[in-house]
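To start, the structure under review is shown below, and the notes come after it.
So you know, we letter chains A, B, ... as the sequences are listed, proteins then strands, and number each from 1. If you're wondering where the values come from, they're calculated on a predicted model, not measured in any experiment.
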There are 2 protein chains.
Amino acid sequence: MADLSDQDLRIIRTAPMFSALSDEAIRSLAAHCLKIMLHPQEAIFRPDEEANDFFVILRGHVRVYKLSPEGNQQVLHLFGPGQTVAEAAAMKMQDYPAHAEAVDAVTLLAIDKATFDAAVRENVDMVAGLVTGLSDKLKELAGLAEQLALRKVPARLANALLQEMTAAASLTFTLSMAKKDIAEQIGTTPETLSRTLRSFQDDGVIDVQGRTITVLNVDVLNALATGQA
Amino acid sequence: MADLSDQDLRIIRTAPMFSALSDEAIRSLAAHCLKIMLHPQEAIFRPDEEANDFFVILRGHVRVYKLSPEGNQQVLHLFGPGQTVAEAAAMKMQDYPAHAEAVDAVTLLAIDKATFDAAVRENVDMVAGLVTGLSDKLKELAGLAEQLALRKVPARLANALLQEMTAAASLTFTLSMAKKDIAEQIGTTPETLSRTLRSFQDDGVIDVQGRTITVLNVDVLNALATGQA
DNA sequence: CGCGTCGTTGACGACCATCAAGGTATGTGG
DNA sequence: CCACATACCTTGATGGTCGTCAACGACGCG
């Protein structure tokens, strides 16, 4: 039931599992799917729901996170257009393992397990892409666990800054989200983030002007990120 | 080149990706594989090696871990007989994402990417199992990240104790490994582990006699594990 | 019996979350 | 256009958690 624009098609084909499919194959798959629009902060799924569908992001960003009993959250993934969410849970028909919510205005394609299974049976080459996607997520989570266990806040922050820097392809860039969200993502608090940013600035590694960061010394920042400082 | 006993077959079929295969299919796959025996502590792979093979554990236990620049390690997975190691990395032909080593005396079946690909092409039903295995690992890592970020040491230890308890199916059990290894697995030090165990004991939740633990109050232990205490 | 690994305990300090308060920015309605 | 509300950010003070260092006792094994 979902109409797809040409741009939608291009975005969907960004996902490894769909990259090998023809336009017609994607369109016929989408014919059985729902297009969902969400407002910022709107919930997509919760850990106690059964995973009947998984999602392809057409527009916006999705945050996948765990919640502690005290209400703290830890972001596991941050997904953007062309990425798939919860395909592993859906394939196994278990409960979703975490929370997911829209970060900004989001459009999703919701694919239910049955129609996806049918699509896989007709296009066996999707499997390689599916595995690739899962493998990427495994690697990401392994890196996250490493960071949380073995790196202190300065190293995690340095990492995040380097990521933003390379994403912007410039030594000066504007943070892609509010500082409080960055704090959350690297597993700390806004207060500690603020202090750590200031200490970087005092050390002459970066310059902070509100949401705009300029990296003054990439080498030191790299050293911080890998823990050699 | 690897001869498989009937017991080997039974163990291999424990892995979700092999569960649907016939004896002959497994034997013909194994004909192109190597059986590897390892001593305790012996390395299996390192993060800078190219992942040409992945492994099925026939005997013993394998620890997969990340290493910090300071030499601390964080265990990501602990695998036993019938589990597969590094299949995601091997399928994508990238570098291994972590270290792996034998915990005790280990026997592995090493499967290289090419022969596995061939096997998958002949037995498409393996795919579902492959995905199941990856999905399980994703869930495990997500849980680990949650614990590291959001739970304090007592909660993580309570969790570990509950796991050992249910594995033993008895309120009294002997730890499956040295305490220092448990400390490592839950991301802390032997000293802190020792103190936390003592505090549990002082609170009357468990009794500790060397490596033997008796759970005196399951409810409180559960509360500790979920963070409600 | 001696040695090495493991486990425990104590003292200490680093790191970081929390609480509280004030400052800044941004958008909204009058 | 200004006043105000509401977020977001910063800064300081404080305390808890946990890692580190050091010393010692307990095992297990050759």
In whole angstrom, what separates Leu150(A)'s CG from dG19(D)'s C1'? 13 Å
Just one of Glu101(B), Gln74(B), Gln185(B) clears the side chain to side chain donor-acceptor pair (under 3.5 Å) bar with Tyr65(B), so which one? Glu101(B)
Any side-chain N or O of Thr188(A) less than 4.0 Å from the OP1 or OP2 oxygen of dA17(C)? yes
Between Met177(B) (CE) and dC6(C) (C1'), how many Å, whole number? 15 Å
Compare side-chain N and O positions of Lys179(A) against OP1 and OP2 of dC9(D) and report whether any pair is under 4.0 Å apart. no
Phosphate OP1/OP2 of dG19(D) contacted by Thr189(B) side-chain N/O (<4.0 Å): yes
Figure out the CG/C1' separation between Leu148(A) and dG19(D), and round it to whole Å. 17 Å
Please give, in whole Å, the distance from dT9(C) C1' to Asp202(B) CG? 13 Å
Listed nucleotide nearest any side-chain atom of Ser194(B), set dT9(C), dC6(C), dT11(D): dT9(C)
Whole Å only: how far is the CD atom of Glu184(B) from the P atom of dG7(C)? 11 Å
Nearest to the Thr192(A) side chain among dT11(D), dC18(D), dA17(C), which nucleotide is it? dA17(C)
To the nearest Å, give me how far apart CZ (Arg156(A)) and P (dC15(C)) are. 13 Å
Are Tyr96(B) and Glu50(B) close enough that a side-chain donor and a side-chain acceptor fall under 3.5 Å? no
Taking only N and O in the side chain of Arg211(B), is any of them less than 4.0 Å away from OP1 or OP2 of dG7(C)? yes
Can you check the Leu175(A) CG to dT10(D) P distance for me, whole Å? 10 Å
Any donor-acceptor pair under 3.5 Å linking the side chain of Thr188(B) with the backbone of Glu184(B)? no
Can you see whether Ser135(A) engages Thr132(A) through a side-chain donor-acceptor pair at a distance of less than 3.5 angstrom? no
Once hydrogens and angles are ignored, does a donor-acceptor distance under 3.5 Å link the base of dC19(C) to the side chain of Glu191(A)? yes
Student check: side-chain heavy atoms of Glu191(A) and Lys180(A) closer than 4.5 Å: no
Whole-Å gap separating C1' (dC21(D)) and CG (Asn72(B)): 14 Å
At under 4.0 Å between heavy atoms, what does Arg195(A) touch on the DNA or RNA strands: base, sugar-phosphate, or nothing? base
